[in-house]
Amino acid sequence: MAKLSKEEYLDMFLKMQQIRDVDMKLNKLVRRGFVQGMTHFSVGEEAASVGAIHDLTDQDIIFSNHRGHGQTIAKGISIPGMMAELAGKATGTSKGRGGSMHLANIEKGNYGTNGIVGGGYALAVGAALTQQYEGTDNIVIAFSGDSATNEGSFHESVNLAAVWNLPVIFFIINNRYGISTDISYSTKIPHLYTRADAYGIPGHYVEDGNDVIAVYEKMHEVIDYVRAGNGPAIVEVESYRWFGHSTADAGAYRTKEEVDSWKAKDPLKKYRAYLIDNKIATDEELDAIEKDVAQEVEDAVKFAEESPFPEMSVAFEDVWVD
Ligand SMILES: Cc1ncc(C[n+]2csc(CCOP(=O)(O)OP(=O)(O)O)c2C)c(N)n1
Ligand SMILES: [Mg+2]
């Protein structure tokens, strides 16, 4: 059993609840035009993000993909700042210039979500090379979906990280779909973590990626291994997105039975039962967290709605010039 302080157990519950409530709320708000641009929800995949990130320090770095709200919240972004960013407002964490697929929080080690499928892998390898070169013991995680591992950039990045022994974990959330394409149409092998064999690095698998403790325990072991200078690793966890691929997807390629069977494996319900059964927390304590998060999200939406849009001149600020 994981040995964590009560505060840590509750922090994981809080983060999972924040991910759930932010995206459930956004799902309603997109119809009112609150979100600028397209967005992809993490509902159903909360345990994978929180379990993977819990052991990281603020100096450890993550890169994420188009479905990055979960990892962004798990890495500790301000919820009002994120809401304002999604709404394209000046008070957003990137001054309203990034939006859902370019969320970043450099102080906390979130180097950005990314709309280019497979676009984060090579950036993560570069950040890991920096850590090795500067002699830090920080590690990097590249988050992606299953389908992205069929991009050439995945294979080039994993190979380079392997031969250079870099401190990076390739963390794959296998939700069995790339937009509407079932994984069996795109990938011949049954388990993506076995791709590690081709590069001479360890591959790890968590069958129940909806179990935050199972993900945390596996990542605790892998993070220690990578931080100790043993080189990269691949971790694959199984999970499922409850909503369509993006706000533009009605999800006609999945049956209601399939979606319902995954909703029955709700990561938040599973974790609540774990905390109660192991006498770590009471229902009242968890209800209080749920209530606080619901209020926090309402307040964040209000903050975003009342904030101004940025001035045009902001587009030319923070541009890197050699
Ligand atoms: C290079 C590139 N190709 C295609 C797309 C369009 N696209 C966006 S998400 C996606 C599927 C990604 O699937 P997966 O990696 O499994 O992540 P998931 O959406 O399931 O979380 C595709 C093909 C893109 N954004 N970038
Ligand atoms: Mg997928």
Side-chain angles (χ1 to χ4, degrees), residues 19-20 22-23 26-27 30 35 37-53 62-74 98-103 110 112-125 141-158 169-195 205-210 215 234-255 258-259 261-263 265 267:
I19 298 168
R20 173 68 54 93
V22 164
D23 274 358
L26 285 172
N27 189 38
V30 280
V35 179
M38 200 191 260
T39 189
H40 308 75
F41 298 128
S42 303
V43 175
E45 299 182 2
E46 297 90 346
S49 297
V50 172
I53 287 175
I62 66 162
F63 289 85
S64 179
N65 64 359
H66 55 284
R67 197 176 305 289
H69 295 182
Q71 289 102 48
T72 296
I73 292 171
S100 172
M101 284 187 275
H102 306 95
L103 290 167
N110 179 357
T113 58
N114 196 322
I116 301 168
V117 169
Y121 298 130
L123 302 178
V125 170
I141 305 183
F143 284 92
S144 79
D146 42 281
S147 303
T149 67
N150 287 327
E151 295 280 353
S153 63
F154 175 78
H155 299 275
E156 293 180 45
S157 300
V158 177
I169 300 169
F170 299 91
F171 189 92
I172 305 160
I173 301 180
N174 185 350
N175 61 17
R176 307 205 64 78
Y177 290 91
I179 309 187
S180 54
T181 304
D182 185 285
I183 191 167
S184 62
Y185 288 95
S186 63
T187 311
K188 190 81 174 172
I189 52 173
H191 293 300
L192 300 169
Y193 75 95
T194 61
R195 289 188 158 162
Y205 178 58
V206 180
E207 183 175 3
D208 188 356
N210 283 2
V215 177
I234 292 177
V235 180
E236 175 192 9
V237 308
E238 305 259 358
S239 192
Y240 197 81
R241 56 170 165 77
W242 287 10
F243 292 128
H245 168 72
S246 69
T247 40
D249 172 19
Y253 49 90
R254 308 193 299 189
T255 62
E258 180 181 302
V259 178
S261 75
W262 279 92
K263 284 187 176 169
K265 295 185 260 186

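Values in this document were obtained by computation on a predicted structure and should not be read as measured data. Positions are given from 1 along the sequence. Hydrogens, waters and symmetry mates play no part in the numbers below; they use all other heavy atoms, side chains included. Indexing begins at 1, ligand by ligand and atom by atom, following the structure's order.
Considering backbone and side-chain N/O atoms, Val117 comes within less than 3.5 Å of an N/O atom of ligand 1. Between Ile179 and ligand 1, a contact under 3.5 Å exists for no N or O pair. Taking any N or O of Tyr177, backbone or side chain, at least one lies under 3.5 Å from an N or O belonging to ligand 1. At under 3.5 Å, not a single nitrogen or oxygen of Glu45, backbone or side chain, sits near a nitrogen or oxygen of ligand 1. Between Ala148 and ligand 1, at least one pair of N/O atoms sits closer than 3.5 Å.
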Next on the checklist: The test is side chain to side chain contact (heavy atoms under 4.5 Å, CB included); show your working for Phe243 and Asn27 and say whether it passes.
Outcome noted: CA-CA 9 Å; Phe243 292 128; Asn27 189 38; 3.5 Å; yes
Checklist entry - Given the rule in the ring-ring contact (aromatic ring centres under 6.0 Å, His included) test, do His245 and His66 qualify, once you have shown the distances and angles that lead to the verdict? => result CA-CA 10 Å; His245 168 72; His66 55 284; 5.5 Å; yes
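Geometrically, Arg176 does not engage Trp262 in a cation-pi contact defined by less than 6.0 Å to the ring centre and at most 45° from the axis.
Within the protein, the number of N, O or S atoms lying under 2.8 Å from the Mg ion (ligand 2) is 3.
Formation of a donor-acceptor pair under 3.5 Å by the Thr187 side chain with backbone atoms of Ile189 is not found in this model. In this structure, the side chain of Thr113 does not engage the main chain of Ser64 through any donor-acceptor pair within 3.5 Å. The backbone N or O of Leu192 lies less than 3.5 Å from a partner atom in the side chain of Glu236, making a donor-acceptor pair. Between the Ser42 side chain and the Gly70 main chain, a donor and an acceptor come within less than 3.5 Å of each other.
When hydrogens are left out, the protein atom nearest atom 9 (S) of ligand 1 is His245 CE1, 3.2 Å; that is the closest non-hydrogen contact. From the protein, the heavy atom lying nearest to atom 16 (O) of ligand 1 is Ser147 N, 2.9 Å. Among all non-hydrogen protein atoms, the one lying nearest atom 21 (O) of ligand 1 is Arg67 NE, 2.8 Å. For atom 25 (N) of ligand 1, the closest non-hydrogen atom of the protein is Gly115 O, 2.9 Å.
Taking each of His66, Arg241, Glu151, Met101 in turn, the one with a heavy atom nearest to atom 19 (O) of ligand 1 proves to be His66.
Of all the heavy atoms of Asn175, the ones lying under 4.0 Å from any atom of ligand 1 belong exclusively to the side chain.
Not counting sequence neighbours, His155 has no partner by the ring-ring contact (aromatic ring centres under 6.0 Å, His included) test. Considering only residues two or more places apart in sequence or on other chains, Asp208 meets the salt bridge (Lys or Arg N to Asp or Glu O under 4.0 Å) condition with Lys270.
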Can I get a per-line list of side-chain donor-acceptor pairs under 3.5 Å for residues 114-123, giving both atom names and the distance, sequence neighbours left out?
| residue | atom | partner | partner atom | Å |
| --- | --- | --- | --- | --- |
| Asn114 | OD1 | Ile116 | N | 2.9 |
| Tyr121 | OH | Ser144 | OG | 2.6 |

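Proximity of Asn110 to Gln71: side-chain heavy atoms (C-beta onward) are nowhere separated by under 4.5 Å.
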